[in-house]
Protein chains: 2
Amino acid sequence: MFVEVKIKTMLYSSELIKGTLRTIILKLLCDQQKMYGYEITQTVKDLTQGRIQLTEGALYPTLHAMESEGLLTTEVEYIGKRVRKYYSVSKQGKAKAGEKINEFAEFMETMRVLLNLDLGTLKVQ
Amino acid sequence: MFVEVKIKTMLYSSELIKGTLRTIILKLLCDQQKMYGYEITQTVKDLTQGRIQLTEGALYPTLHAMESEGLLTTEVEYIGKRVRKYYSVSKQGKAKAGEKINEFAEFMETMRVLLNLDLGTLKVQ
DNA sequence: ACTTGATACCTAAGAGTTTTATGTATGTTT
DNA sequence: AAACATACATAAAACTCTTAGGTATCAAGT
């Protein structure tokens, strides 16, 4: 006899994730050299313990856009009869990745201050 | 003779700020008891050294929505002939503030891991 | 043989939030 | 008088993501 256990994983109310998709893609691709779309969704899910689950409806159009902007390059591979489209960062994409990650780090720091600071002494006259 | 010095303050590419507006509003109002819209924009600008500049077109509709959702209450005050609309958090709003701030903290931690982790050893089979 | 679930790609309508562009009006500084 | 800051507000457009669908291969269970 088996008992099914459901662990409630806190999924972020998705509005927070908005605006981070490109940064995530660029970071993963810089670390991994090349990845395909589905792999990106699974890797993010694994790395975040299911907290961030990229939807394909958001991911694929974004990958296409980033390719047409010259940030990513692609190569197709066949696994049996199944297609895989691998994405890699271009030189331009690497530069962008640095900017984006930097920007996000600064944003986190700013928000940390904003949400933790005691405002008791501050006043707008 | 004076030399004008312009300090380039890095304004966040605004997509990162998306989804954080309500959290910011709730946090400020929990700390300050009551604030009016314009004051919120100025306070956020000051606290973040100009890095986050809320636009009025985003702020006012959001304040109205939060009021109609029962998270905020209002009282009008006259400064001379000029109207000020003060917002305060309701009991419900305080609970929501706690949730939101918590959620954001967890989100930051998740993103920190995601963007810093060395992925060299990981593989999706 | 059939169904289910995972893998793997894709698009399009709709929802939601923010930007940009206005508008009104008072008070203060140059 | 003009410019700027204070203070509210709305509406069209832009942008991103969700939801919902579609196609197809492969593995595993019934």
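Each chain gets a letter, A, B and so on, in the order its sequence line appears, and its residues count up from 1. Reckoned from all heavy atoms, side chains included, excluding hydrogens, waters and symmetry mates.
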In whole angstrom, what separates B:Leu16's CG from C:dT17's P?
-> 17 Å
Round to the nearest Å and state the distance from B:Leu54 atom CG to D:dA7 atom C1'.
-> 15 Å
Considering heavy-atom distances to DNA chain D, does B:Val83 or A:Arg22 have its closest nucleotide positioned more toward the 5' end?
-> B:Val83
The side chain of A:Lys85 lies closest to which of these nucleotides: C:dT18, C:dC9, D:dT10?
-> C:dC9
Determine: side-chain N/O of B:His64 to OP1/OP2 of D:dC8, distance under 4.0 Å, yes or no.
-> no
Atom CD1 of A:Ile17 and atom P of C:dT17: how far apart are they, to the nearest Å?
-> 14 Å
Rounded distance (Å) that lies between atom P of C:dT18 and atom NZ of B:Lys18 | 8 Å
Would you say A:Ile101 and A:Leu54 are hydrophobically clustered, going by side-chain heavy atoms of ILVMFWY under 4.5 Å?
-> no
Answer with yes or no whether the hydrophobic clustering places A:Tyr60 together with A:Leu28; edges join I, L, V, M, F, W, Y residues whose side-chain heavy atoms lie under 4.5 Å apart.
-> yes
If you find the nucleotide of DNA chain C closest to B:Arg82 and the one closest to A:Tyr60, which residue's nucleotide is nearer the 5' end?
-> A:Tyr60
Length of the CG-P vector between A:Leu63 and C:dT11, whole Å | 11 Å
Between B:Thr62 and B:Glu56, which is nearer to the 5' end of DNA chain C once each is assigned its nearest nucleotide?
-> B:Thr62
Distance, rounded to the nearest Å, where B:Tyr38 contributes OH and C:dT26 contributes C1' | 13 Å
Applying the side-chain contact (heavy atoms from CB on, under 4.5 Å) test to A:Tyr87, which of A:Leu71, A:Leu29, A:Thr73 qualifies?
-> A:Leu29
May I ask you to evaluate whether A:Thr55 reaches the phosphate of D:dC17, defined as a side-chain N or O under 4.0 Å from OP1 or OP2?
-> no
Which whole-number value in Å describes the distance from A:Gln53 CD to D:dC17 C1'?
-> 15 Å
Keeping the roles fixed (side chain from B:Asn102, backbone from B:Gly98), state whether a donor-acceptor pair exists under 3.5 Å.
-> no
Short side-chain N/O contact to D:dA7 OP1/OP2 from B:Tyr36, under 4.0 Å | yes
Looking at the side chain of B:Lys81, which of C:dC10, C:dT18, C:dT26 is the nearest nucleotide?
-> C:dT26
Whether B:Lys18 side chain and A:Lys18 backbone form a donor-acceptor pair below 3.5 Å = no
Write down the distance between CE (A:Met35) and P (C:dT7), rounded to a whole number of angstrom.
-> 14 Å
Regarding the side chain of B:Arg84, the nearest nucleotide among D:dA7, D:dC17, C:dA6 is D:dA7
Nearest nucleotide by nearest heavy atom, which residue falls closer to the 5' end of DNA chain D, A:Ile79 or B:Gly57?
-> B:Gly57
